[in-house]
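Here the structure is laid out as structure tokens; the discussion comes afterwards.
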Amino acid sequence: MYPIVRLRRNRRTSWLRDLNAETKLSIENLILPVFLVEGNNIQQEIKTMPGVFRLSIDQMIKVAKEASLRGIKSIALFPSIDNSLKSEHADEAYNIDNLIARAVRALKNTDIDIGVICDVALDPYTIHGHDGILVNGDIDNDQTVVALSRQAMVLADAGVDIIAPSDMMDGRIISIREDLDDQGHMNVNILAYAAKYNSAFYGPFRDAVGSDNKNYLCKATYQMDVRNTKEAIREIEQDLHEGADMVMVKPALSSLDIINQASTNFDAPVLAFQVSGEYAMMKYASQHGAINWERSIVESLTCIKRAGASAIFTYAALEVADLIK
């Protein structure tokens, strides 16, 4: 007891604090999301996400090389397509020459040593902005699962390393896993967005991919209720049972309790997504002098890691890699 025990002794110098740190954020923990558009030599600023751009494939290749040189192990690709390509049933998602498929092939044809993750969901491709097939005002779960499996096969054939279903449909993991195996893609991993909440923090992302349709229905019938914990654990358990190799919790900062429970209860990698709204809040606050950007972004990611995340999607991956290197 005090004064014999003085806990501050271990905090008195920088080297002691580093020596005794229980959580260490490393570059290998970071995954860089990248938004894609058609064209060449294009960098489109995303107004709601300061410092983040939509990139043409050639520019994405350059960013992937920068990420790899910094020690980042994987990037995640998200499309922003022209409205003329969108449809009720997301037909462009099944096009073997769509934007994402071409981007994956282009990246795999380079010598850049970086993993490629692709989202599986229909919202960038539907005119209504939903993640699935809309029937009579609601998302038809089983029709959507069939569509998601078709989309996953297009990405696997293009050479993607990790398929990441983010749609929150029931049964989509086992359907995709069986179809992947049947088509010879046994080594393609599945990262299941297992606990994806119906969050208010996705706004800038929807702006980035062009799915911010003010007329679409609320996604509360398939994304999870933010008030629920036990439901999240059931979702994670189910996806792992169906064959997911890894699971995702999203959003990260408002779901630290779920990340912690998942990493404690399941012997599988638990990833987290520091979503667009979380990123944007810190960026805007730092731009107005309310917080220090460098300290706050590293602190937030360290706390996500401390909660139990094995890897973190963050739009600040390149900046953070430089900060912690």
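Position 1 is the first residue of the sequence, and the numbers go up from there. Remember, it's a predicted structure, so these values are computed and weren't measured experimentally.
Counting only residues at least two apart or in different chains, ring pair (Phe, Tyr, Trp, His ring centres under 6.0 Å) contacts with residues 277-303 comprise Tyr279-Trp293, Tyr279-Tyr315.
Arg105 and Asp97 are joined by a salt bridge, as a carboxylate oxygen and a charged side-chain nitrogen come within less than 4.0 angstrom of each other. Ion pairing between a basic and an acidic side chain is recognised when a charged N comes within 4.0 Å of a carboxylate O; Arg177 and Asp181 show such pairing. The pair Asp18-Lys24 does not meet the salt-bridge criterion, since no charged nitrogen lies less than 4.0 angstrom from a carboxylate oxygen.
In this structure a side-chain-to-backbone donor-acceptor pair under 3.5 Å is missing from Asn260 to Leu256. No donor-acceptor pair closer than 3.5 Å links the side chain of Asn198 to the backbone N or O of Asp225. Although no hydrogens or angles enter the test, the distance criterion places a donor-acceptor pair under 3.5 Å between the side chain of Arg17 and the main chain of Arg11. Asn98 contributes a side-chain N or O that, together with a main-chain N or O of Ala101, makes up a donor-acceptor pair within less than 3.5 Å. Using a distance-only test at 3.5 Å, with no hydrogens or angles considered, no donor-acceptor pair links the side chain of Asp239 to the main chain of Ile236. In this structure, Ser286 contributes its side chain and Ile291 its backbone to no donor-acceptor pair below 3.5 Å. At distances below 3.5 Å, not a single donor-acceptor pair connects side-chain atoms of Lys196 with backbone N or O atoms of Tyr222. Between the Asp131 side chain and the Asp123 main chain, no donor and acceptor come within less than 3.5 Å of each other. Checking side-chain atoms of Arg70 against main-chain N and O of Asp322 turns up no donor-acceptor pair under 3.5 Å. A donor-acceptor pair is defined here as one N or O able to donate and one able to accept, closer than 3.5 Å; such a pair exists between the side chain of Asp140 and the backbone of Gln143.
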*asked:* What verdict does the side chain to side chain contact (heavy atoms under 4.5 Å, CB included) test give for Phe313 and Ile304, after you've listed the backbone C-alpha separation in whole Å, the side-chain angles of each residue and the deciding distance to 0.1 Å?
replied: CA-CA 11 Å; Phe313 284 60; Ile304 297 168; over 6 Å; no

*asked:* Would Ile297 and Gln274 count as a side chain to side chain contact (heavy atoms under 4.5 Å, CB included) here? Give the steps.
replied: CA-CA 10 Å; Ile297 189 62; Gln274 185 181 60; 3.4 Å; yes

*Can you list the steps and then say if Met60 with Ile75 is a side chain to side chain contact (heavy atoms under 4.5 Å, CB included)?*
CA-CA 10 Å; Met60 178 273 292; Ile75 64 171; 4.1 Å; yes

*Could you walk me through whether Leu240 and Glu237 pass the side chain to side chain contact (heavy atoms under 4.5 Å, CB included) check?*
CA-CA 5 Å; Leu240 289 172; Glu237 183 176 31; 6.0 Å; no

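Side chains of Thr144 and Asn141: a donor-acceptor N/O pair is absent below 3.5 angstrom, by distance only. For the residue pair Glu278 and Ser300, no side-chain donor N or O sits within less than 3.5 Å of a side-chain acceptor on the partner. In summary, the side chains of Asp179 and His185 do not present any donor paired with an acceptor at a separation below 3.5 Å, with no hydrogens or angles considered. Under 3.5 Å, the side chains of Ser149 and Ser175 contain a donor-acceptor pair of N or O atoms.
Considering every non-hydrogen atom in both Ile173 and Ala244, the closest pair reads CG2-N, 3.6 Å. Of all heavy-atom pairs spanning Ser276 and Gly203, the tightest one is OG-N, 4.3 Å. Taking every heavy atom of both residues into account, Leu318 and Ala67 meet most closely at CD2-CA, 3.7 Å. Closest approach of Gly39 to Ser56, counting heavy atoms only: O-CB, 3.1 Å. Pairing each heavy atom of Ile114 with each of Ala64, the nearest pair is CD1-O, 3.8 Å. Scanning both residues, Leu36 and Ala103, for their nearest heavy atoms gives CD1-CB, 3.4 Å.
No single ILVMFWY cluster, assembled from side-chain heavy atoms under 4.5 Å apart, contains both Leu148 and Ile174. Both Val298 and Ile259 are members of a single hydrophobic cluster when ILVMFWY side chains are connected at heavy-atom separations under 4.5 Å. Side-chain heavy atoms closer than 4.5 Å link hydrophobic residues (I, L, V, M, F, W, Y) into clusters, and following such links, even through other members, never connects Val146 to Val135. In the hydrophobic clustering of this structure, Ile42 does not group with Leu85; members are Ile, Leu, Val, Met, Phe, Trp, Tyr whose side-chain heavy atoms approach within less than 4.5 Å, directly or through other members. Following chains of ILVMFWY side-chain contacts shorter than 4.5 Å, one cannot reach Met49 starting from Val37, and the two form parts of different hydrophobic clusters.
The line from CG of Asp207 to CZ of Arg54 is 5.5 Å long, rounded to the nearest 0.5 Å. Interatomic distance, Ile112 CD1 to Ile61 CD1, rounded to the nearest 0.5 Å: 5.5 Å. The structure places NZ of Lys86 at 10.0 Å from CD1 of Ile127, a figure rounded to the nearest 0.5 Å. Atoms CG and CG, from Leu25 and Leu323 in turn, are 10.0 Å apart once rounded to the nearest 0.5 Å. Rounded to the nearest 0.5 Å, atoms CG (Leu301) and OG1 (Thr314) are 4.5 Å apart. Note that the CD atom of Gln59 and the CG atom of Asn40 stand 9.0 Å from one another [nearest 0.5 Å].
Two residues are said to be in side-chain contact when any heavy atoms from C-beta on lie closer than 4.5 Å; Leu191 and Asp245 fail this criterion. Side-chain atoms of Asn95 and Val154, non-hydrogen and from C-beta on, never get closer than 4.5 Å to each other. Counting heavy atoms from C-beta outward, Glu45 and Phe53 have side chains that approach closer than 4.5 Å. Between Ile233 and Phe266 there is a side-chain heavy-atom pair separated by less than 4.5 Å. Looking at heavy atoms from C-beta onward, Cys118 lies out of side-chain contact with Val120 at the 4.5 angstrom threshold. At a threshold of 4.5 Å between non-hydrogen side-chain atoms, the residues Pro124 and Ile81 do not count as touching. Put simply, the side chain of Val275 does not reach to within 4.5 Å of the side chain of Tyr197, judged on heavy atoms. Between Glu299 and Thr302, every side-chain heavy-atom pair lies at or beyond the 4.5 Å cut-off.
By the neighbour-count criterion of 12 heavy atoms within 6.0 Å, atom CG of Asp113 is sparsely surrounded, having that number or fewer from other residues, nucleotides or ligands. More than 12 heavy-atom neighbours from other residues, nucleotides or ligands sit within 6.0 angstrom of CZ on Arg102. Heavy atoms of other residues, nucleotides or ligands lying less than 6.0 angstrom from CZ of Phe201 number 12 at most. Other residues, nucleotides and ligands place no more than 12 heavy atoms under 6.0 Å from the CD1 atom of Ile96. Surrounding CD of Glu66 are more than 12 heavy atoms belonging to other residues, nucleotides or ligands, all under 6.0 Å away.
Judged by the 6.0 Å distance and 45° axis criteria, Lys250 is positioned over the aromatic ring of Phe205.
When the options Val249, Asp119, Asp167 are evaluated for a side-chain contact (heavy atoms from CB on, under 4.5 Å) with Tyr193, the one that passes is Asp119.
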